[in-house]
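One structure is given below, encoded as structure tokens.
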Amino acid sequence: EELKKVLLIVKSRISVSEEFTEFNMSIRGNNSETQQKRYEYHWETKEGDKGLSVTADKSGHIISYSFYDRNSNDTKSDLSVKYDTCKKVAEEFIKTALPECFEDPNDSYVLEDALSKTGTLSGNTVSFDFSYKRIKDGYPVNGNTASVSIFLAGSTPVISGMNSSWEYES
């Protein structure tokens, strides 16, 4: 029951392609008072060449998101795609996946823009990593960070990963 409730919240925040026909879910953690339950969801294609994994807490807050496409190295990245294009995609994704982290303009994630403006070329693929820190009333909140990773499939920016460590009680 809890797994399904959290799944509905997660699916309202991320897009799951219809090509992902295989699905499983599980609960991890809660072995002690300090360990929180984590709800894990995994989708993949029948062939297993593409997959998506999401971990969330009991309130549906997404902690991690990971997408893989084993065929992505076959598509050469379009080197004309610029940082600003990928930055916009990262911003849209994180605001959709973690809307609660942007509700209050005095307490939200802020992009640390100086990091990774150029991207990284590995084989045929260009990737960009975007780092965020939580700013509350003008001050950084220690340990509250997020990151979004993007790779270029041709000229299309694709979210390959996102992690968030927001302390919701702070």
Side-chain angles (χ1 to χ4, degrees), residues 6-17 20 29 36 38-43 50-70 72-73 75-170:
V6 173
L7 176 62
L8 289 173
I9 297 168
V10 166
K11 287 182 77 175
S12 74
R13 295 172 174 214
I14 63 161
S15 168
V16 178
S17 173
F20 295 131
Q36 299 291 325
R38 296 291 181 244
Y39 300 80
E40 299 179 351
Y41 306 96
H42 182 74
W43 296 265
K50 291 182 183 179
L52 172 64
S53 295
V54 177
T55 302
D57 69 12
K58 67 182 179 188
S59 299
H61 302 128
I62 296 174
I63 298 162
S64 68
Y65 171 101
S66 177
F67 169 79
Y68 69 87
D69 179 352
R70 292 201 171 96
S72 65
N73 285 337
T75 306
K76 187 172 182 168
S77 291
D78 180 349
L79 300 180
S80 70
V81 176
K82 301 296 180 212
Y83 166 84
D84 287 338
T85 301
C86 294
K87 175 183 167 184
K88 182 178 179 188
V89 170
E91 291 276 321
E92 289 171 1
F93 179 81
I94 197 169
K95 287 178 178 177
T96 302
L98 304 171
E100 67 280 359
C101 299
F102 295 91
E103 289 172 351
D104 181 350
N106 294 317
D107 185 10
S108 67
Y109 276 138
V110 175
L111 179 64
E112 295 182 279
D113 210 24
L115 304 171
S116 188
K117 277 208 174 212
T118 57
T120 304
L121 179 63
S122 176
N124 285 330
T125 308
V126 173
S127 60
F128 291 89
D129 294 306
F130 299 90
S131 297
Y132 297 81
K133 62 183 172 185
R134 181 180 181 185
I135 303 294
K136 185 173 184 175
D137 298 323
Y139 297 96
V141 179
N142 193 29
N144 284 231
T145 60
S147 63
V148 177
S149 299
I150 291 179
F151 71 89
L152 293 175
S155 61
T156 304
V158 177
I159 304 290
S160 58
M162 192 264 319
N163 290 292
S164 175
S165 61
W166 181 283
E167 294 173 15
Y168 289 93
E169 286 72 41
S170 293

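Computed from a prediction, not measured in an experiment: that's the story for all the values here.
- Closest approach of T125 to S77, counting heavy atoms only: CA-OG, 3.2 Å.
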Pairs under 3.5 angstrom only: tabulate donor-acceptor contacts from the side chains of residues 145-161 to other protein residues two or more places apart or in another chain.
residue	atom	partner	partner atom	Å
T145	OG1	S165	OG	3.4
S149	OG	D129	OD1	2.7
S160	OG	S149	O	3.3

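- When all heavy atoms of V10 and Y41 are compared, the closest pair comes out as CG2-CE1, 4.3 Å.
- Side chains of I14 and L52 form a contact here, defined as non-hydrogen atoms less than 4.5 Å apart.
- The backbone N or O of C101 lies less than 3.5 Å from no partner atom in the side chain of R134, so there is not a single donor-acceptor pair.
- In this structure, Y109 OH and L98 CG are separated by 6.5 Å, a value rounded to the nearest 0.5 Å.
- A side-chain donor from one of Y132 and E91 sits under 3.5 Å from a side-chain acceptor of the other.
- Between the OG atom of S15 and the CZ atom of F93 there is a distance of 9.5 Å, given to the nearest 0.5 Å.
- Closest approach of M162 and A97 over heavy atoms only: CE-CB, 4.3 Å.
- Across all their heavy atoms, V141 and K136 have their closest contact at CG2-CB, 3.6 Å.
- Using a 4.5 Å cut-off on side-chain heavy atoms (C-beta onward), D57 and R38 make contact.
- For the atom pair S59 OG and E100 CD, the distance stands at 9.0 Å (nearest 0.5 Å).
- Within the model, atoms OG of S127 and CG of L121 stand 8.5 Å from one another, a figure rounded to the nearest 0.5 Å.
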Residues F130, V89; criterion side chain to side chain contact (heavy atoms under 4.5 Å, CB included); working and verdict = CA-CA 11 Å; F130 299 90; V89 170; over 6 Å; no

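- For the atom pair OH of Y65 and OG1 of T55, the computed distance is 12.5 Å after rounding to the nearest 0.5 Å.
- Taking all atoms of both residues into account, the shortest heavy-atom contact from G60 to R13 is O-NH1, 3.9 Å.
- Under the 30°/60° scheme for interplanar angles, the aromatic rings of H61 and Y168 are found to lie parallel.
- Nearest heavy atoms, T96 versus P99: O-CD, 3.3 Å.
- Side-chain contact check for P140 versus I135: some heavy-atom pair is nearer than 4.5 Å.
- Summarising the local packing, CG of N142 is surrounded by 12 or fewer heavy atoms from other residues, nucleotides or ligands at distances under 6.0 Å.
- Once rounded to the nearest 0.5 Å, the distance linking CG of N163 with CD1 of I94 reads 10.0 Å.
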